[in-house]
Amino acid sequence: MTPAVGTASPRPRDPTPPDSELYLRTGTDGRLAFRGSLDAETGSLMQGLLSPLAKPRTDDKGKTKDRRSAAERNGDALADALNLIADSEKLPIQGRERPHLTITLSWEMLRDKLGQVRAYENTVLSPEAAQRLACDCDITPLVLGTQSEALDVGRTERLVTDELRKALIARDRGCAMIGCTRPVRWTKAHHVTHWADGGDTSIDNCVLLCEAHHRQIHHGDWQVQIVDGVPEFIPPQYVDFEQKPLRNTYHLFN
């Protein structure tokens, strides 16, 4: 049958499904929802990468102490994998920079943890998340005009130097949170007293934490202090009424 004049012929549908596809959607709260499928080879690679990262957490005695569901463990594993990839020097360069997360906020907002923070494509971050990211990142100061135009851009400054990280690795040997067995390659440097509050970027004010425990310290009720050169963690009263300081001894013997 010949199609009528002015009517587009239906486009033939490709009977072969795509090898891999991924759909992304950012919600109003900044959370990223996604769905898709991977070819068999890539799917096996992804499962192989996530499997060791998604294992239930154990304490320093090898006992399982993890209340997360399998889905939560897979989500945290993906976050860990993305952080490891982001730290890789083999990533391609786009726009003269390696892939990174850019957030813009005022000094007062970072210091006082008030208001919402905007990141890539208007993604919304909590001020606590912004302060956690600022623990171990590059900071570029900008001077803005009355119309929020950039008048001057300062030089990027690394908060935690390579030399300081090496010293933290020698001291902590991994995530310093009690019971955590994560190695150093999965850790970030955390400021005990945040530099926005006047804390020094020094070995006496920094501690290595994995992503999960870094979030716990910033968003939870645990506290950390350095005593005699050793990190100590103070639990909230609903965990220990006396709030006795605790230390991670796992990395000292492993």
Side-chain angles (χ1 to χ4, degrees), residues 50-84 87 113 126 128-137 159-160 164-197 199-254:
L50 296 184
S51 180
L53 298 173
K55 289 181 179 179
R57 297 190 187 119
T58 59
D59 58 21
D60 52 3
K61 297 180 181 179
K63 295 183 178 180
T64 300
K65 192 176 183 180
D66 200 331
R67 297 181 178 179
R68 296 175 299 165
S69 66
E72 290 173 324
R73 287 189 280 109
N74 284 333
D76 289 341
L78 179 58
D80 285 339
L82 291 175
N83 277 288
L84 291 172
D87 287 338
K113 295 190 291 187
S126 69
E128 289 83 6
Q131 196 173 72
R132 172 174 53 82
L133 292 170
C135 271
D136 190 11
C137 70
L159 293 178
V160 177
L164 176 56
R165 181 167 176 82
K166 290 177 182 178
L168 291 171
I169 290 173
R171 185 193 69 189
D172 297 343
R173 303 184 185 182
C175 177
M177 184 64 172
I178 58 167
C180 188
T181 60
R182 297 270 173 159
V184 293
R185 64 179 179 274
W186 291 345
T187 62
K188 299 283 186 180
H190 165 74
H191 283 70
V192 176
T193 300
H194 202 278
W195 57 270
D197 297 323
D200 295 330
T201 302
S202 65
I203 193 170
D204 293 327
N205 191 49
C206 290
V207 60
L208 293 181
L209 295 173
C210 68
E211 181 69 16
H213 288 128
H214 201 180
R215 290 177 180 273
Q216 183 180 24
I217 293 297
H218 274 278
H219 300 270
D221 299 321
W222 284 77
Q223 301 177 42
V224 58
Q225 61 187 12
I226 308 295
V227 177
D228 297 329
V230 179
E232 291 186 344
F233 295 85
I234 304 174
Q237 283 192 328
Y238 57 80
V239 174
D240 177 13
F241 183 77
E242 297 181 356
Q243 294 187 292
K244 295 180 180 179
L246 303 170
R247 296 182 177 185
N248 185 338
T249 59
Y250 173 84
H251 300 291
L252 296 178
F253 308 101
N254 293 274

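Atoms considered below: every heavy atom in the structure, side chains included; atoms not considered: hydrogens, waters and symmetry mates. Every value quoted in this text rests on a predicted model; they were computed, and no experiment measured them.
Taking the side chain as every heavy atom from C-beta outward, R57 and D76 approach each other to under 4.5 Å. Counting only heavy atoms from C-beta outward, the side chains of I226 and R171 approach each other to under 4.5 Å. For the pair N248 and C175, the minimum side-chain heavy-atom distance is 4.5 Å or more. Two residues are said to be in side-chain contact when any heavy atoms from C-beta on lie closer than 4.5 Å; P231 and F233 meet this criterion. Residues P56 and R73 meet the side-chain proximity criterion, which asks for heavy atoms closer than 4.5 Å. Side-chain contact between D172 and V184 is absent, with no heavy atoms from C-beta onward closer than 4.5 Å.
Remark: I217 CD1 to M177 CE distance equals 5.0 Å, nearest 0.5 Å. Here SG of C210 is found 12.5 Å from CZ of R185. Values are rounded to the nearest 0.5 Å. Here the straight-line distance linking atom CZ of R182 with atom CG of L53 works out to 6.0 Å at 0.5 Å rounding. A distance of 9.5 Å separates NE2 of H218 from NE2 of H191, quoted to the nearest 0.5 Å.
The side-chain contact (heavy atoms from CB on, under 4.5 Å) test with L168 is passed by exactly one of T187, L208, V207: L208.
For Y238, the OH atom is densely surrounded, since the number of other residues' heavy atoms within 6.0 Å is greater than 12.
Closest of all the heavy-atom pairs between A189 and R165 is N-NH1, 4.4 Å. Across all non-hydrogen atoms, the minimal contact from L209 to A176 is CD2-N, 4.5 Å. Across every non-hydrogen atom of D240 and P235, the tightest pair is CB-CG, 3.7 Å. Pairing each heavy atom of R68 with each of E72, the nearest pair is CA-OE1, 3.2 Å. Among all heavy-atom pairs drawn from Q225 and V227, the shortest one is NE2-CG2, 3.7 Å.
Ring to ring, H213 and H190 are not that close: their centroids are 6.0 angstrom or more apart.
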